[in-house]
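Residue numbers count from 1 along this sequence.
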Amino acid sequence: MTDDERLPQPVTTAIDLVTVLHALGDPVRLRLLTNYADGAEHSCDPRHLGLDHLHKSTVSHHMRVLREAGVTTTRVSGRNRYVSLRRTDLDARFPGLLDALLSATGATTDPPAAASTD
């Protein structure tokens with residue numbers, strides 16, 4: 001995939017903890033995080049995200065804040081946009097942060113591989 005197919009986002013080393021926490025300080029964006037925690041790409045349709053009570057432009061704003069903070073990445077395919085969590089990048093920058101946030105929200109995520117106790 002080329003950079004032309006992704007909307008602008010910070011490089012991994014430029015993801016800032018304060019900016020990430022500020023972005024996730026809104027209940028709608030925290031809910032989006034829990035939606036994206038499954039590791040799949042999600043369309044931007046508010047109905048598919050459980051946010052059909054919000055106007056499309058409001059949901060779009062929340063998605064932009066998450067992307068610009070480095071929490072998500074957005075792939076462009078024609079007129080469609082697909083959003084996914086930047087789990088690997090966030091785990092590299094702030095180990096354990098996503099797990100703690102998702103655990104606090106009650107979201108289920110793929111558990112990390114079990115460590116051997118031998």
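The side chain to side chain contact (heavy atoms under 4.5 Å, CB included) with L97 is formed by just one residue from the set L90, L24, V20; it is V20.
By the ring-ring contact (aromatic ring centres under 6.0 Å, His included) test, H42 pairs with Y36, sequence neighbours left out. With sequence neighbours excluded, the residues forming a side-chain hydrogen bond (donor to acceptor under 3.5 Å, both in side chains) with S43 are H48, listed by chain and number.
To the nearest 0.5 Å, atoms CG (L66) and OG1 (T19) are separated by 12.0 Å. Atoms CZ and CG, on R31 and N35 in that order, are 6.0 Å from each other to the nearest 0.5 Å. Note that CG of L33 is 6.5 Å distant from CG of L101, once rounded to the nearest 0.5 Å. Between atom CZ of residue F94 and atom CG of residue D16 there is a gap of 6.5 Å, rounded to the nearest 0.5 Å. To the nearest 0.5 Å, atoms CG (N80) and CZ (R75) are separated by 9.0 Å.
The minimum heavy-atom distance linking A69 with P10 is given by the pair C-CG, 4.1 Å. When all heavy atoms of R93 and T12 are compared, the pair lying nearest together is CD-O, 3.0 Å. In terms of heavy atoms, A37 sits closest to L85 at CA-CD2, 4.1 Å. The shortest non-hydrogen separation linking D26 to H62 is OD1-CE1, 3.5 Å.
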- From CA spacing to verdict: side-chain contact (heavy atoms from CB on, under 4.5 Å), R6, T73: CA-CA 7 Å; R6 295 265 174 209; T73 186; 3.2 Å; yes

Quiz prompt | Test side-chain contact (heavy atoms from CB on, under 4.5 Å) applied to D91 and L98, step by step | solution = CA-CA 7 Å; D91 284 344; L98 284 178; 4.1 Å; yes

### Task
Please report the C-alpha distance between H61 and V65 in whole Å, then the side-chain angles of each, then the deciding distance to 0.1 Å, and finally whether the side-chain contact (heavy atoms from CB on, under 4.5 Å) criterion is met.
CA-CA 6 Å; H61 164 76; V65 170; 3.7 Å; yes

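Within the 3.5 Å criterion, the main-chain N or O of V71 finds no donor-acceptor partner in the side chain of R86. Not one N or O on the side chain of R67 forms a donor-acceptor pair closer than 3.5 Å with the backbone of T72.
A salt bridge does not link D45 with R81: none of the charged nitrogens is closer than 4.0 Å to a carboxylate oxygen.
Side-chain contact, E41 with S84: no donor N or O sits under 3.5 Å from an acceptor N or O.
Hydrophobic clustering (ILVMFWY, side-chain heavy atoms < 4.5 Å, transitive): V11 and I15 are in distinct clusters.
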Which pairs of donor and acceptor atoms, one on a side chain in residues 49-59, lie under 3.5 Å apart (sequence neighbours left out)?
unit_1	atom_1	unit_2	atom_2	d
H55	ND1	S57	N	3.1
H55	ND1	S57	OG	3.0

